[in-house]
Amino acid sequence: MLKILIVDDEFLIRVGIKSCIDWEQNGFDVVGLAENGIQALELMDRVLPDIVMTDIKMPNMDGLELIHKIRERFPHVKIIVLSCHNELEFVKRAMKLGAEDYILKLSMEPAALLEVLNKTGELILLEREKYEKPDSVQTGTHINKYVLKEDLFKKFIDNSINFAQLQKALIDIGIQMHFSKAAVICCGIDDYINAAARSRMEDQHLLKFSFLNILEESLSACCPVEISEIENGKYLLLLKLENNFPNASYSDVVKEFCIKAASAVKKYLNISVSFGISDETHDSMLIRERYEEASKAMNHRFYLGHECLVFYSEMTGFTDKTPSLGIQQERSLNGCLESMDMEGAKAIISGFLNSLRLSRCYSPSGVRMAAIELLHSIHKTVKRFDLDRSFLTAKGGQNPVEKLMNTETIMDMEYWFADHISRIAEYMTIGGSKEVRTEIVRIKSYILEHIAEDINLDKAAKISNISRCYFSTVFKKQTGESFTDYVNRIRMEKARELLLTLDLKTYEIAEKVGIPDEAYFSKLFKKFNGISPSKLRSK
């Protein structure tokens, strides 16, 4: 395993290079990051890298001076220059000083970086084979230290191993757990499902390593910190405060730390984070209990929204009860849905969720269960409109129940319900489908067969087993005219046919098409046929 030291005065470049490839899988280990030549030389004495990747233009000690000093003190170390397009003259000087290769920062791709590193690595191995004994070259499988640490903390938090087992295993990989004062923090990436896309990362895996590298780089100067992912998007941060802040309160120190962490990931990854903070601890054996406190504090993100910071000592507990929509509210909601008052339906749901947000007394899981019951009530009502079942159960491949169970905040839940109600309204407005609906075909046949009877909108909706309002909307969408206009047009078409084929008086024709009022019949007949019944017959 070849050790790499990255030197660049730009924070984003250092973290970007460290995050862009899986170093261990490709036989490399990034053992340090430095922002200038002076820091790099100090690190080299401790970590003894095989390869140094260095920028040229840096404050305090630039890359050319660093290369010169490395050649004097560490002649076996290989150097790769990180350059910009306008630094080619400096690159030539660096190559003369002993750099092995260079790569352009602005156009650097992971594949190109790996190609340069592999070529340099092969050169190092050839030199080792030539000058060292064969058994001095380290062989075998390298185990990623971070992966080991993450697995250990997950097992410890899950109570699969005890503290003594955790401590022994951590010592084996070079991590000491002793401290006199510490804070245990639960850090959550907000909107984790969409965070990778928002940060312009290719996937969650790359986001994870970038996130870890940025936190470690930006916070290590404050105080020693251990970071480990416990579940997707949720991290344990262990701050070893020791005696670094003798004149500051625990809450002030931790708050400043969290603000700095949030600022770093916002600046470089364009994502936000929230924090749940435990009570102060002086005993490393209490880490599990303190993380449980921090996790409970983090649960308040559900009510407070993203980018929140919650201390366990300041929070109130949740009741075990599950909230529910009142009977009157449920009736009002159903009434709004049946009458297609979608804005009214949204207002009822928003009011219900807002009352829960203000009270903050129900657990997030309890509110999610209430939301699922609310969803079932909505679907039970709108099923009377004969909506496609697939519409009610999925959007974009995600089940609504699953979506509600995974909502991070109550505001996310409110936005989702508003969107879902809007989709129902849209579906109902277009009649669910551009295809001819069987209910409309059936009612058209009914009208022709019962033309002499009283046929109104209420009766037609009842026959179709659809609410009156929804039937009216669907009928007009399918036929292009209102139900009343359609029935009257069919009556007048039938009346015209009867007038031309039967020797009946006008009032008798009117009765046969369901209009007993002769004057009203004549008025309608002229409206639809452009001529009165008597003139049509005379012609």
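- In this structure, Gln39 contributes its side chain and Glu35 its backbone to a donor-acceptor pair below 3.5 Å.
- Residues Cys187 and Leu237 come closest through the heavy atom pair CB-CD1, 3.7 Å.
- Contact check for Thr322 versus Tyr362: no side-chain heavy atoms found under the 4.5 Å cut-off.
- Side-chain atoms of Glu229 come within 3.5 Å of backbone atoms of Gly233 as a donor-acceptor pair (strictly under, hydrogens ignored).
- With sequence neighbours excluded, no residue forms a ring pair (Phe, Tyr, Trp, His ring centres under 6.0 Å) with Tyr192.
- The CD1 atom of Ile378 lies 6.0 Å from the CG atom of Leu337; values are rounded to the nearest 0.5 Å.
- Residues passing the salt bridge (charged side-chain N to carboxylate O under 4.0 Å, His left out) test with Glu216, sequence neighbours excluded: Lys18.
- Between atom CG of residue Asn213 and atom CD1 of residue Ile17 there is a gap of 11.5 Å, rounded to the nearest 0.5 Å.
- In the displayed structure, Ile327 atom CD1 is contacted under 6.0 Å by at most 12 heavy atoms of other residues, nucleotides or ligands.
- Here ring-ring contact (aromatic ring centres under 6.0 Å, His included) pairs that include residues 438-461, with residues two or more places apart or in two chains, are Tyr446-His450.
- Judged as a side-chain hydrogen bond (donor to acceptor under 3.5 Å, both in side chains), the pairs with a partner in residues 480-491 (not counting sequence neighbours) are, in order, Glu481-Arg489, Ser482-Asp485, Arg489-Glu493.
- The minimum heavy-atom distance between Ile21 and Pro110, with the atom names listed, is CG2-CB, 3.5 Å.
- Judged purely by atom type and a 3.5 angstrom limit, Asp8 has no side-chain atom pairing as donor or acceptor with the backbone of Arg14.
- Pairs passing the salt bridge (Lys or Arg N to Asp or Glu O under 4.0 Å) check and including a residue from residues 342-369, sequence neighbours excluded, read Glu343-Lys346.
- Looking at heavy atoms from C-beta onward, Ile490 lies in side-chain contact with Leu448 at the 4.5 angstrom threshold.
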Go through it in stages, so that I can follow the logic: the residues are Asp190 and Arg301, the test is salt bridge (charged side-chain N to carboxylate O under 4.0 Å, His left out), and I'd like the CA-CA distance, side-chain angles, deciding distance and then a yes or no.
CA-CA 9 Å; Asp190 295 331; Arg301 174 174 63 175; 2.9 Å; yes
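- Taking both residues in full, the closest heavy atoms of Val273 and Phe211 are given as CG1-CE1, 3.7 Å, listed atom of the first, atom of the second, then distance.
- Residue pairs meeting the salt bridge (Lys or Arg N to Asp or Glu O under 4.0 Å) criterion with at least one member in residues 465-476, sequence neighbours excluded: Asp458-Arg468.
- In plain terms, the two heavy atoms of Cys186 and Ser295 that are nearest each other are CB-N, 3.9 Å.
- For Glu373, there are no salt bridge (charged side-chain N to carboxylate O under 4.0 Å, His left out) partners, not counting sequence neighbours.
- Counting only distance, with no hydrogens or angles, the side chain of Ser464 and the backbone of Ala461 share no donor-acceptor pair below 3.5 Å.
- With a 4.5 Å cut-off on side-chain heavy atoms, Phe475 and Leu457 do not count as touching.
- Of the possible polar contacts, none joining the Ser472 side chain to the Cys469 backbone as a donor-acceptor pair under 3.5 Å is found.
- Looking at Asn354, its side chain never comes within 3.5 Å of a backbone N or O of Ser350 through a donor-acceptor pair.
- To the nearest 0.5 Å, the span separating CG on Leu333 from CZ on Phe352 amounts to 10.5 Å.
- Taken from CE in Met413 to OG1 in Thr407, the straight-line distance is 3.5 Å, to the nearest 0.5 Å.
- Scanning both residues, Asp29 and Glu24, for their nearest heavy atoms gives OD1-OE2, 3.8 Å.
- Looking at residues two or more places apart in sequence or on another chain, you find no salt bridge (charged side-chain N to carboxylate O under 4.0 Å, His left out) involving Glu280.
- Among all heavy-atom pairs drawn from Leu356 and Pro323, the shortest one is CD2-CB, 3.7 Å.
- When atom types are taken as modelled, the side chain of Ser274 and the backbone of Glu307 share a donor-acceptor pair closer than 3.5 angstrom.
- Between His205 and Phe209, the two ring planes are perpendicular [angle over 60°; tilted spans 30° to 60°].
- Summarising the geometry, atom CG belonging to Leu375 is positioned 9.0 Å from atom CD1 belonging to Ile349; distances are rounded to the nearest 0.5 Å.
- To the nearest 0.5 angstrom, Glu226 atom CD is 4.5 Å from Ile175 atom CD1.
- For Thr409 (side chain) and Gly305 (main-chain N/O), no donor-acceptor pair under 3.5 Å exists by modelled atom type.
- Taking the salt bridge (charged side-chain N to carboxylate O under 4.0 Å, His left out) definition, one finds that Asp412 meets it with nothing, sequence neighbours left out.
- Pairs passing the salt bridge (Lys or Arg N to Asp or Glu O under 4.0 Å) check and including a residue from residues 154-177, sequence neighbours excluded, read Glu150-Lys154, Asp151-Lys155, Lys168-Asp172.
- The backbone N or O of Asn162 sits less than 3.5 Å from a side-chain atom of Gln165, completing a donor-acceptor pair.
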Could you check Lys266 against Ser272 for side-chain contact (heavy atoms from CB on, under 4.5 Å), going step by step and ending with a plain yes or no?
CA-CA 6 Å; Lys266 187 76 170 182; Ser272 65; 4.3 Å; yes
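- Residues Leu33 and Phe11 form no side-chain contact, since every pair of their non-hydrogen atoms from C-beta on lies 4.5 Å or further apart.
- The environment of CZ in Arg442 is crowded: more than 12 heavy-atom neighbours from other residues, nucleotides or ligands sit within 6.0 Å.
- Evaluation of the ring-ring contact (aromatic ring centres under 6.0 Å, His included) test over residues 277-316, restricted to residues two or more places apart or in two chains, returns His300-Phe318.
- The backbone N or O of Ile259 lies less than 3.5 Å from no partner atom in the side chain of Ser263, so there is not a single donor-acceptor pair.
- For residues 282-292, the salt bridge (Lys or Arg N to Asp or Glu O under 4.0 Å) pairs, not counting sequence neighbours, are Arg290-Glu293, Glu292-Lys296.
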